[in-house]
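Since the model is a prediction, treat every value here as computed from it, not as a measurement.
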4 protein chains.
Amino acid sequence: MHDSKEPRPHTGRRRNEAARRAILDAALDLLADADGAPVSVETIARAAGVGKQTLYRWWPSKGAVLLEALTDRAAQEVPTPDTGSLREDLRALATATFETSQRPPSAPALRTLVREAARDPHLAELMGEFTKTRRAAVRAVLVRGRERGELPAGRDVELLVDQFYGFFWYRFLLGHGPLDRDTAVRLADSLIE
Amino acid sequence: MHDSKEPRPHTGRRRNEAARRAILDAALDLLADADGAPVSVETIARAAGVGKQTLYRWWPSKGAVLLEALTDRAAQEVPTPDTGSLREDLRALATATFETSQRPPSAPALRTLVREAARDPHLAELMGEFTKTRRAAVRAVLVRGRERGELPAGRDVELLVDQFYGFFWYRFLLGHGPLDRDTAVRLADSLIE
Amino acid sequence: MHDSKEPRPHTGRRRNEAARRAILDAALDLLADADGAPVSVETIARAAGVGKQTLYRWWPSKGAVLLEALTDRAAQEVPTPDTGSLREDLRALATATFETSQRPPSAPALRTLVREAARDPHLAELMGEFTKTRRAAVRAVLVRGRERGELPAGRDVELLVDQFYGFFWYRFLLGHGPLDRDTAVRLADSLIE
Amino acid sequence: MHDSKEPRPHTGRRRNEAARRAILDAALDLLADADGAPVSVETIARAAGVGKQTLYRWWPSKGAVLLEALTDRAAQEVPTPDTGSLREDLRALATATFETSQRPPSAPALRTLVREAARDPHLAELMGEFTKTRRAAVRAVLVRGRERGELPAGRDVELLVDQFYGFFWYRFLLGHGPLDRDTAVRLADSLIE
DNA sequence: ATTTAATCGAGACGGTACGTCATGTCTTCGG
DNA sequence: CCGAAGACATGACGTACCGTCTCGATTAAAT
């Protein structure tokens, strides 16, 4: 995997990009392999062929490493569809969210990450940052739809956003129901009647 | 707390109910005090004035103790309201769920418990049993409503159940939005239009 | 030859000499205070202000710690008297052996150590190394005496060595008879008639 | 061996001799199998098909069980040879002592027993009783010899007794030298010149 | 003949110690 | 000054025995 035996060259006093990559790659691999089981700092360091201190020097916590490992590969741009139709936009968002979450290496790694976040307040906060953007996308779509009159006046946008993501995380973490394209459409439709 | 100095009497070769109670009480107290922070087996044992082995003898995992600590006190009967109106039933369920979750000692203890479940597959499974009953109540209400024609034909009951509990857990764990009576009503209404 | 493994350049933090000393000092104190009673690893670690792991890192067993604690202070040079007279040499050895064993902190610590060795095969082996040197000294004196004709030809040197140390340990551990200077002289004389 | 499945019959309020036998037999077996390794009370009880309390009811300590296990089978009469010759008597004693100690099941069991005694002061005391008789035999032989003038006047009998048994235990426990018939003869001769 | 009382197997109990593991900090060295 | 290596204090983990205690069944002795 990353166990090429020729040692990484040191880079003296600048940050070693190769070490950073090795760490993130190792972390992502472990995150994915673990599928929920905890990932220790020592394991990451060993797998990356790196000292623990190098981890602690550059990231404030294990969670931060894991989060970055997961996110730096994923396309970070969160698309905010704007088709002119609330229904279509919402369907697109739901479909994209569900699909991304199912594709490796995301799925197991993400699950592990959330498990870790449950224990690590720091990581939880970072995850909050991470999800804020995505919540904003859903909110934007809803607000736009409401302005176009596609949403009854009384509807609470925050409530809908939480229904959207609440449903998603619930199914994602418990895994008791599908997160397929059909479900995405039904969820989107359900939210706007 | 439980530090009455007269020692618990032994009960011979039968399980000692007093020890069981002491453990569950101690666990619940710690669970509540911790508010999310992990609770160690040693701490529970010490607080209960009990040897660790007594814990391991009767519960397969720490999580199992915590879950039982939380649930054996709570009224376990899950009420399934049946007012004849889907809207009313659902509002009642949501209101009850939210309220219970906010009342001490439940709230912090429950949060800790879920945190632990994120790490402990065994506990996760036990939690699944625990929530199954509650899901069933929501499902029953929805099915009854559909049979009365209060729910549009195409609606997917499982989807709605997951929206209900997904929303609840999402807000409960993240704590970024209220779980008050008003929210309960809005959620209930939102689910059936 | 170049097939020797490149010696690891020993990067990494060095062994903490202060911790080593603290452990050995604590162990010796406890060994002496215990006077035969078992000494636990946890106690040593706590007394030394050290993590248990630090003990397990550097010593293969508790016994090894105890032995080192006892021996690193004692002058390890075993004097081999050579007065030209077998009788005098043997008397000197016996006197020295008995005296050392009675002087604190040796006596109670040594007793504890032997008790531990009875349970810990690893320690027993280490003790064997430790005593080998002392046996050698007695043997050397006897062989020299035999060469000078001070020992009847037929005498078995190994037998005499074991009589010497057998007697010593027997009295030392059981404590039913004195190990004073007079006894030393009588033992020495008894061995060579 | 002792795992006949038909349960021992109860004997009501009298001590159950069958249980006593089962315990001693199991203890001796374990003592022999262990060859130095510790033998736990629970193990004895389980092997004997007996409750722990039955052990603690009849013996003050684990050591007492082990000692009785070892001794009740052995012929307890300690022969005091009286041939009229000190040399012959001493040779006979040494030979008998060495031989008994080598014969199964004695050897490994005895070794284990002594190991335990090193930790258990109670057992050590019991062992003292046990050995007192044997010491007395050696002492009697020596005294008789001295009265016959076979022992130089100045000789200290206690010193000789301790040389005799010190040598024996030293070799027996450390196992670095033989305890055969020839050695017995040499030891005996060495003690009286 | 009916109590009474002690034994037995079983095993739960409160403890102590074990040896392992992971955490996050600190220290040393080579590049 | 960076990066690898790894020692360090801390503290939880789950296991093994310890010696005490209490059961419920059994059976001999005392009433």
> Hey, mind stepping through Gln53(C) and Trp58(C) against side chain to side chain contact (heavy atoms under 4.5 Å, CB included) and telling me if it holds?
Replying inline: CA-CA 9 Å; Gln53(C) 199 68 29; Trp58(C) 296 111; over 6 Å; no
For [X] and [N], give me the distance from atom [atom1] to atom [atom2], rounded to whole Å.
{"X": "Arg46(B)", "N": "dG11(F)", "atom1": "CZ", "atom2": "P", "answer": "11 Å"}
{"X": "Arg57(C)", "N": "dA5(F)", "atom1": "CZ", "atom2": "P", "answer": "16 Å"}
{"X": "Arg20(D)", "N": "dC8(E)", "atom1": "CZ", "atom2": "C1'", "answer": "16 Å"}
{"X": "Ile44(D)", "N": "dA16(F)", "atom1": "CD1", "atom2": "P", "answer": "17 Å"}
{"X": "Arg13(C)", "N": "dA5(F)", "atom1": "CZ", "atom2": "C1'", "answer": "12 Å"}
{"X": "Ile23(D)", "N": "dG9(E)", "atom1": "CD1", "atom2": "P", "answer": "7 Å"}
{"X": "Glu42(B)", "N": "dT15(F)", "atom1": "CD", "atom2": "P", "answer": "13 Å"}

> Do other residues, nucleotides or ligands put more than 12 heavy atoms under 6.0 Å from the CZ atom of Arg46(C)?
Replying inline: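 Counting other residues, nucleotides and ligands, CZ of Arg46(C) stays at 12 neighbours or fewer.
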Does [X] contact [N] through a side-chain donor or acceptor facing the base, at a distance under 3.5 Å?
{"X": "Lys52(A)", "N": "dG24(E)", "value": "yes"}
{"X": "Gln53(C)", "N": "dC21(E)", "value": "yes"}
{"X": "Arg14(B)", "N": "dC23(F)", "value": "no"}

>> Could you go through Arg20(D) and Glu68(D), starting from their C-alpha distance and side-chain angles, then the distance that decides it, and tell me whether this counts as salt bridge (Lys or Arg N to Asp or Glu O under 4.0 Å)?
In response: CA-CA 11 Å; Arg20(D) 182 180 161 275; Glu68(D) 188 170 339; 2.9 Å; yes
> Run the side chain to side chain contact (heavy atoms under 4.5 Å, CB included) check on Ile44(A) and Val50(A) step by step: do they pass?
Replying inline: CA-CA 8 Å; Ile44(A) 300 175; Val50(A) 140; over 6 Å; no
> Quick one: does Thr112(D)'s side chain get under 4.5 Å of Leu66(D)'s, heavy atoms only?
Replying inline: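 Sidechains of Leu66(D) and Thr112(D): no contact.
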Counting only side-chain N and O atoms of [X], is one of them less than 4.0 Å from OP1 or OP2 of [N]?
{"X": "Trp58(C)", "N": "dC8(F)", "answer": "yes"}
{"X": "Arg8(D)", "N": "dC8(E)", "answer": "no"}
{"X": "Thr54(D)", "N": "dG9(E)", "answer": "yes"}
{"X": "Arg15(D)", "N": "dA6(E)", "answer": "no"}

> Nearest of dA17(E), dT25(E), dT20(F) to any side-chain atom of Tyr56(D)?
Replying inline: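 So the side chain of Tyr56(D) is nearest to dT20(F).
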> Among dC8(F), dC13(F), dG19(E), which is the nearest nucleotide to the side chain of Ala19(C)?
Replying inline: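 So the nucleotide nearest the side chain must be dC8(F).
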> Taking for each residue the nucleotide of DNA chain E bearing the nearest heavy atom, is the 5' side occupied by Glu17(B) or by Val39(A)?
Replying inline: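 That would be Glu17(B).
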> If you find the nucleotide of DNA chain E closest to Val50(B) and the one closest to Lys62(C), which residue's nucleotide is nearer the 5' end?
Replying inline: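 Taking each residue's closest nucleotide, the earlier one in sequence belongs to Val50(B).
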